[in-house]
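Computed from a predicted model, the values in this text were never measured in an experiment. Letters A, B, ... are given to chains in the order of the sequence lines, protein chains preceding strands, and every chain is numbered from 1.
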Amino acid sequence: MKTWAVARQMIAEGIRMKIALVFIFLIGMVVLGLPFSISGDSSLTGAVQSFMSYGLTTAGFLLGMLTIFLSRSVSDEMVHRQIFLVMTKPLPRWQYVVGKWLGITLLNAAFLASVGLTIYAMIFYIRYTHPPADDRFDEAELKNEVLVARHALPFKLPDFSQSAEQEFQRNIEEGVYQDVPNFDPAKEKDRLMQKYNARWRVVGPGDFRIFEFENVLCNRSKDNTVQLRYKAQVSGYAPDEIFRALWRFGDPYKGTPVYEIPVRHMVDRFHTIRVPADAAAEDNTLMAYFYNINPYPGEPQYLNVQEFRASDGVEVLFVVGTFEWNLFRTLVLMMCKLMFLAAVSVLMVIVFSFPVACLCSFTVYVLAGARQFLAEALDMSSDDFATMFSSVKEFFVQSLIHIYDMLHWVIPDFARFDPVESFVSGRNVGLVWVLQAVSELVLIKAVIVLGIAILLFHRREVAELSF
Amino acid sequence: MPVVQTAGLCKVFRDFWRRPRVEAVKDLNLEIQPGEVFGLLGPNGSGKTTTIKMLLGLLYPTKGRISVFGKPPTDVAVKGRIGFLPEDSYLYRFLVAHETLDYYGRLFRLPSRIRHERADRLLDMVGLRHEAKRRIGEYSKGMARRIGLAQALINDPEFLILDEPTAGLDPIGARQIKDVIRELGRKGKTILLSSHVLADVEDVCDRVTILYGGQQRAAGDIGDLLCQHDVTQITAPRLSPKTVEELRATIQRLEQRDILTVSNPRVKLEDFFLKIVEEAQAANIRTYGARKGGELPEFLQKPAETTAKDVVDSLVEASTRRVEPLPTREPVPMHAPATPASSVIEELIQPQPVKIAAEEPISQPPTPSLDSQRLRKKADLSVIDELLAGRGGDGKPEA
């Protein structure tokens with residue numbers, strides 16, 4: 001109850017603080033103003049996706065900043081000495097720290113819920129006010145590809161280990177590697193595997209490929225659909241920027257119906273093909289055949305090559321939940337990050353005075369958000385074979401890398417828990433992902449940070465500042 | 001069991017590099033008994049506030065022992081029995097008065113009904129019920145001070161610590177706070193009052209300790225400390241010049257001394273001011289400030305609870321109490337050279353027997369209400385002399 005009292009007081013302060021009003025105003029401007037200014041790629045889907053992406057990203061960033069500023073409450077109480085009255089009441093210090101954190105968290109939850117509801121409402125506004133390009137198509141695309149929660153499955157790449165091994169043995173016999181310095185057989189086998197994979201991903205004119213998808217756990221009725229998403233990554237001559245090909249779905253050996261779907265797609269774009277779900281077999285596998293042929297008689301046929309790059313992926317998507325639940329889980333993931341950040345901010349204001357604490361919290365926020373980028377940048381700054389004592393620069397860079405590695409025990413990788421891209425592309429924000437975020441960001445790391453904050457606050461003489 | 005007991009208490013403030021900067025409290029031995037109104041006196045920077053902060057667990061002692069209700073001051077249960085009014089009110093500017101009291105009530109885990117009831121009663125008491133919905137940030141300093149007093153009483157504390165309680169208050173508020181202190185003292189609450197407004201302390205305290213430079217310089221019963229044993233004051237209805245002359249002659253004849261002064265006493269400015277304000281209040285003249293406060297709320301009027309354990313404790317303590325005073329209460333001589341003014345007062349307060357006819361009605365200085373025999377200690381008066389002479393204060397910041 002005492003923790004709750006502190007949290008309530010924190011909430012009252014947060015609502016009445018002018019700084020909070022500024023952030024709420026900014027978030028309101030973004031979320032309410034974007035629908036009136038955004039156009040995306042001029043399609044309805046593009047407009048909605050742009051709105052969702054910018055809206056959620058900006059709101060997430062601003063709420064992160066607000067979290068840092070809200071923690072100022074603790075620092076203010078020390079500077080203005082309200083803490084003298086609070087700490088002379090029968091309030092254990094840990095309850096004060098947890099109460100402050102809880103107050104910030106609940107405020108964030110309320111603000112985030114408001115953002116979620118506003119985004120949800122504004123999507124409908126965009127749907128009904130966006131200038132129609134092709135009403136029926138746009139609406140169906142939006143409904144099937146954005147306002148859903150789809151599970152995505154990658155295809156099962158054929159196993160080329162045997163082919164790679166055979167080629168490796170042949171090369172050994174032929175003495176191909178004799179003159180190679182520092183020859184590493186494992187690396188060579190890996191290179192050969194990658195070569196086979198890359199070769200398989202390229203489909204020349206008149207050629208075909210078979211994609212096999214496993215665990216397609218959808219409702220296999222004819223009325224239901226599964227979606228195949230791929231990118232028309234075409235190399236060669238295509239003056240009309242159109243790529244023509246034939247897809248065939250189903251496995252006649254397993255008794256499923258077979259559906260042939262000719263496609264006429266813009267090159268260098270992602271496309272989604274909808275297929276009746278009964279093309280999937282009883283063992284939950286789905287076979288997809290790609291033919292690099294022109295199925296449209298009378299239309300020009302260019303000898304193009306289709307490449308299914310690993311980074312672009314070919315995947316099967318099927319609906320596993322509603323848009324509303326997906327939005328909720330997206331907000332929960334965002335909330336987990338804010339809860340961790342609130343713990344960091346509370347720790348910082350207990351250790352430092354406000355401006356320094358703000359800077360430190362912001363640094364953690366940036367480090368967590370750009371963790372992969374910074375790790376790669378640091379890694380690239382260091383020479384491959386250099387040791388720490390090779391040069392002053394190496395000493396500096398490798399020291400930074402070590403410090404960065406140590407910080408990662410506490411500072412999480414926010415990018416790993418960024419749901420916005422998945423949510424915007426209508427992919428399911430899975431419960432497992434959410435649970436991972438809750439356990440790692442909140443139950444482990446936020447608790448560790450709060451524990452440190454409580455320990456430090458317990459040892460602190462709160463009145464010493466007054467001297 | 002004493003409510004507060006300190007032994008060899010020291011507090012040293014250090015700088016960033018842990019080098020000692022200021023020794024705010026030195027070897028302080030203090031004992032406050034239940035039901036006592038205890039004054040902590042001293043000029044600025046004498047260590048009063050630092051001592052209070054250590055009693056409240058806001059600062060940790062550098063050396064020495066400290067106990068409140070027999071436990072360390074950081075003990076959460078102990079804090080539940082204490083009310084604290086700091087030197088400045090330190091309230092949340094964004095909360096309204098009622099929310100403020102409600103918040104502090106929650107920290108004592110008071111049930112909702114009791115919180116609201118007490119908040120209303122206390123706002124009545126401090127005369128701010130009509131301003132209960134205004135934010136504290138909009139209050140004047142005196143009004144905020146009144147809310148500060150109200151929050152200190154929200155838990156019906158057994159031990160009330162008041163740091164400069166009348167600072168920033170108008171005479172009505174100051175009088176009211178003193179009335180509250182007196183009333184709570186009568187109800188058996190233990191009160192520690194820190195102030196350098198000597199009149200306040202004189203008005204309400206049973207016993208005082210005077211600090212200077214972080215050290216205890218004098219301690220004792222306020223009656224003992226301030227009583228002028230060599231002067232007799234007689235108060236009578238207005239006398240004619242002839243009667244005065246006769247009295248003068250009689251005293252000259254009986255005591256071989258002359259009357260020092262004969263005058264018409266003046267009413268205190270405080271009383272005069274309060275009379276004017278009361279007249280204005282009776283005329284219902286509008287004010288946005290504090291109004292006349294009410295009575296002490298009912299929940300504060302019940303006598304301090306005495307448990308069976310307390311009785312046993314007090315009996316055990318009485319049987320084991322040493323007759324001689326504690327070393328800390330021994331008079332501490334001041335080393336400063338006597339000034340002419342202090343010499344005069346010193347001379348005046350030298351004990352000289354005065355013979356007075358037993359039949360004459362004599363007005364004596366009021367005797368302390370508490371069990372003064374038990375608490376009375378011999379006092380060192382030199383510090384008072386120094387304070388009266390206008391010296392004191394070493395220019396150090398108040399800790």
Side-chain angles (χ1 to χ4, degrees), chain A residues 1-21 70 72-96 98-100 102-103 107 351-353 356 454 456-467, chain B residues 11 13-15 21-22 24 49-50 52-61 73-96 99-100 102-111 115 135-137 148 151-152 154-155 157 161 163 397-399:
Chain A
M1 184 185 167
K2 291 177 196 170
T3 308
W4 175 235
V6 177
R8 270 174 56 112
Q9 187 274 343
M10 179 69 233
I11 291 167
E13 183 173 359
I15 290 169
R16 293 172 196 182
M17 254 169 68
K18 283 182 185 134
I19 189 79
L21 290 179
L70 281 174
R72 181 185 181 159
S73 162
V74 178
S75 172
D76 272 359
E77 285 190 15
M78 289 189 190
V79 172
H80 300 301
R81 303 178 188 181
Q82 285 104 343
I83 199 140
F84 287 9
L85 283 183
V86 177
M87 285 294 112
T88 50
K89 306 291 184 269
L91 174 72
R93 292 195 174 192
W94 71 266
Q95 288 191 13
Y96 176 79
V98 173
K100 286 288 174 189
L102 185 65
L107 264 177
V351 179
F352 304 111
S353 57
V356 182
I454 290 167
L456 293 175
F457 190 54
H458 202 76
R459 295 170 61 88
R460 184 166 186 170
E461 292 180 90
V462 290
E464 190 151 30
L465 261 180
S466 67
F467 199 81
Chain B
K11 179 66 192 176
F13 287 103
R14 298 173 190 277
D15 65 10
R21 199 161 49 130
V22 175
T49 302
T50 302
I52 286 180
K53 283 173 182 170
M54 284 193 282
L55 289 177
L56 290 163
L58 296 173
L59 287 174
Y60 304 147
T74 47
D75 189 290
V76 172
V78 164
K79 291 180 179 182
R81 302 164 74 179
I82 298 176
F84 172 50
L85 172 67
E87 58 195 319
D88 204 343
S89 295
Y90 305 144
L91 300 167
Y92 296 101
R93 295 172 59 80
F94 55 87
L95 293 181
V96 303
E99 286 172 336
T100 301
D102 186 67
Y103 173 50
Y104 292 118
R106 280 173 188 274
L107 296 184
F108 286 102
R109 298 190 75 169
L110 297 177
R115 273 198 322 268
R135 289 191 183 187
I136 301 285
Q151 67 78 28
I154 190 84
N155 60 321
I161 299 178
D163 195 0
E398 174 77 0

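Contacts between A:Glu77 and chain B at a heavy-atom distance below 4.5 Å involve the side chain alone, from C-beta outward. Looking at B:Leu110, only its backbone comes within 4.5 Å of chain A, counting heavy atoms on both sides. B:Asp75 does not touch chain A: none of its heavy atoms, backbone or side chain, sits under 4.5 Å away. Only the backbone of B:Ser89 comes within contact range of chain A, judged by heavy atoms closer than 4.5 Å.
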Requested in this report: Quick one: do B:Phe84 and B:Ile52 satisfy side chain to side chain contact (heavy atoms under 4.5 Å, CB included)? Show the steps, please.
Outcome: CA-CA 10 Å; B:Phe84 172 50; B:Ile52 286 180; 3.8 Å; yes

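In this structure, A:Lys2 contributes its side chain and A:Pro90 its backbone to a donor-acceptor pair below 3.5 Å.
Geometrically, A:Lys89 engages B:Tyr104 in a cation-pi contact defined by less than 6.0 Å to the ring centre and at most 45° from the axis.
A 6.0 Å sphere centred on CZ of A:Arg16 holds more than 12 heavy atoms belonging to other residues, nucleotides or ligands.
Residue with the most contacts toward chain A among B:Ile161, B:Leu91, B:Leu107: B:Leu107 (heavy-atom pairs, distance under 4.5 Å).
A:Gln9 is not listed as a side-chain neighbour of A:Gln82, based on a closest heavy-atom distance of 4.5 Å or more.
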